[in-house]
Asks: 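Below you will find the structure I want to go over with you.
Whatever order the structure lists ligands and atoms in, that order sets their numbers, starting from 1. Keep in mind that the numbers below use all heavy atoms, side chains included, and drop hydrogens, waters and symmetry copies. On a predicted model such as this, the values are computed, not experimentally measured, just so you know.
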Amino acid sequence: MKQKIIITGGTGYIGSHTTVEFITKGFNVVIVDNLSNSDISVLDRIKEITGTKPEFEQIDLTDNEKTKSFFERHKDVSGVINFAALKAVGESVQKPILYYQNNINILLNVLENMETHGISNLIFSSSATVYGLPETLPITENAQTKRPTSPYGNTKKVAEEIIEDLSKVSESLNAISLRYFNPIGAHNSLKIGEAPSGIPNNLMPFITQTAAGVRDELKVFGNDYDTPDGTAVRDYLHVVDLAKAHVLALDRLLHKRSKSNFEVYNLGTGIGYSVLDVIQSFEKTTGLKLNYSFDQRREGDVPQLYSNPLKANKELQWKATLSLDDMTLSSWEWEQNLRKNN
Ligand code: NAD
Ligand code: WQD
């Protein structure tokens, strides 16, 4: 019999790519999402890729009663992959209550219902932002977590602390927190990808929208950092590589290979690229010239952040395979496809 899992936030950017990977590996997936930052059409797109349309329920996971009755209907699952969250860093600074209420209540409701129904296995979407300003690079999971610069980031740090607290007393909980670095790119079918609403906050969609003529110019935030070319350095990874890590992480839990009932893993390539490296790769792979200029540093940005992904390489048998050129081209192909269809 096929194993069934719950994917919260499964119609979103990373959730939809992960759903594809789980279905491909033979899992039955039930997605729960309130569609606050995603579209119902993603379900048909997933079907076009995999041949299977995942089960779906539109529920706000901060709603205690509705979440309870959702879990009553789906208690026969082997695990929960929890993506659902709000993720706009700038908005979280303006609306901290919304971010704490949404992201923390989702987690509390999910954990409470997992406990009620004896569902053990949880994979949680965390972020490299929990490292704050890193003291050493590349950063390992042993590095001290610090207060992130935004309320959004802090919801990830607090969420990890909540899971860790529960893991100390819960008989059944088995959790893995995955700390993503900077996911970019889209599925090679070009049927799913990221479609940010409004002005993008993140570098890659801003680059592709500028090249597509939707934005006039990319502002490179800071060229006076203590980095090889003065621009900030990040660890970009392809979203399909990232999605695959979730299947391997759940497999570790299902086969009881964890060393403790709360583990954390960095998910990145381990290579730091500067903003100018990303622009150069984009120009090379697409043959386009990008309109950009240098601007002030963006508040809250760290100069450099890139992972040591060896723990995930060894223990999850996971490794990012796609290069920066693969990623920038993938992002551009997705952007063009979006424009063609709109
Ligand atoms: P996304 O916004 O595309 O997906 C999140 C999904 O959660 C959306 O479909 C949204 O509708 C849903 N959601 C939000 N609040 C909800 C609620 N109250 N009830 C039900 N559904 C709700 O974001 P993403 O980029 O796919 O990110 C997925 C996860 O990974 C998030 O937890 C995010 O914080 C984390 N993360 C993302 C990145 C990144 O760069 N994209 C980096 C690190 C961590
Ligand atoms: C990358 C680099 C910018 C836009 C954020 C969140 C993190 C995680 C991923 C999750 C930085 C520079 C950007 C632009 C620029 N989030 N930049 N011009 O800040 O590393 O991480 O997204 O949900 O929690 O903090 O990613 O893509 O915003 O920026 O120069 O218009 O590109 O300064 O150096 P970041 P990013």
Asks: Counting from 1, what ligand 2 atoms have a heavy atom of Val220 closer than 4.0 Å?
Replies: 30 (O)

Asks: Counting only N and O atoms by type, is there a donor-acceptor contact under 3.5 Å from the side chain of Asp60 to the main-chain atoms of Asn34?
Replies: no

Asks: List every atom of ligand 1 that sits less than 4.0 Å from any heavy atom of Ser126, numbering the atoms from 1 in the order shown and giving each element.
Replies: 43 (C), 44 (C)

Asks: Does Asn223 reach the main-chain N or O of Asp229 with its side chain, forming a donor-acceptor pair under 3.5 Å?
Replies: no

Asks: Counting heavy atoms only, which of Asp295, Val275, Asn182, Thr129 comes nearest to atom 12 (C) of ligand 2?
Replies: Val275

Asks: List ligand 2 atoms under 4.0 Å from Asn201, heavy atoms only on the residue side.
Replies: 4 (C), 28 (O)

Asks: Among protein heavy atoms, which sits nearest to atom 10 (C) of ligand 1, and what does the distance come to when rounded to 0.1 Å?
Replies: Asp33 OD1, 3.4 Å

Asks: What protein heavy atom sits nearest atom 36 (P) of ligand 2, and how far away is it?
Replies: Asn202 ND2, 3.5 Å

Asks: If you have a sec, work out which protein heavy atom is nearest atom 3 (O) of ligand 1 and how many Å separate them, to one decimal?
Replies: Tyr13 N, 2.8 Å

Asks: Do the side chain of Ser92 and the main chain of Tyr152 share a donor and acceptor less than 3.5 angstrom apart?
Replies: yes

Asks: Only heavy atoms count here, so choose which of Tyr236, Phe221, Tyr180 is nearest to atom 2 (C) of ligand 2.
Replies: Tyr236

Asks: Would you mind finding which of Arg298, Glu217, Met204 brings a heavy atom closest to atom 19 (O) of ligand 2?
Replies: Arg298

Asks: Using atom types as modelled and distance alone, determine if a side-chain donor or acceptor of Glu194 lies under 3.5 Å from a backbone N or O of Gly185.
Replies: no

Asks: Could you check which of Ala195, Ala243, Gly153, Pro183 puts a non-hydrogen atom nearest to atom 39 (C) of ligand 1?
Replies: Pro183

Asks: Give the contacting part of Ala128 toward ligand 1: side chain, backbone, both or neither, where contact means a heavy-atom distance below 4.0 Å.
Replies: neither

Asks: Are the aromatic rings of His17 and Phe22 close, with centres under 6.0 Å apart?
Replies: no

Asks: Between the main-chain N or O of Phe181 and the side-chain N or O of Arg234, is there a donor-acceptor pair closer than 3.5 Å?
Replies: no

Asks: What's the shortest distance from atom 13 (N) of ligand 1 to any protein heavy atom, and which residue and atom give it?
Replies: Asn34 OD1, 3.4 Å

Asks: Suppose we measure from atom 26 (O) of ligand 1 to each protein heavy atom; which comes out shortest, and what is that distance?
Replies: Ile14 N, 2.7 Å

Asks: Could you tell me whether Lys2 atom NZ has more than 12 heavy atoms of other residues or ligands within 6.0 Å of it?
Replies: yes

Asks: Does ligand 2 have any atom that is closer than 4.0 Å to a heavy atom of Tyr273?
Replies: no

Asks: Which option, Ile184, Leu203, Val130, owns the non-hydrogen atom nearest atom 13 (C) of ligand 2?
Replies: Leu203

Asks: If the contact criterion is a heavy-atom separation under 4.0 Å, does Gly153 count as touching ligand 2?
Replies: no

Asks: Donor-acceptor pair, distance only, cut-off 3.5 Å: does the side chain of Asn266 make one with the backbone of Ile139?
Replies: yes

Asks: Determine whether a donor-acceptor pair (N or O, by modelled atom type, separation under 3.5 Å) exists between the side chain of His117 and the backbone of Ile119.
Replies: no

Asks: Using a strict cut-off of 4.0 Å, indicate which atoms of ligand 1 neighbour a heavy atom of Asp60.
Replies: 17 (C), 18 (N), 19 (N)

Asks: For Thr208 and Ser331, indicate whether the former's side chain and the latter's backbone hold a donor-acceptor pair under 3.5 Å.
Replies: no

Asks: Which of the atoms of ligand 2 are close to Leu218, meaning less than 4.0 Å from one of its heavy atoms?
Replies: 14 (C), 18 (N), 31 (O)

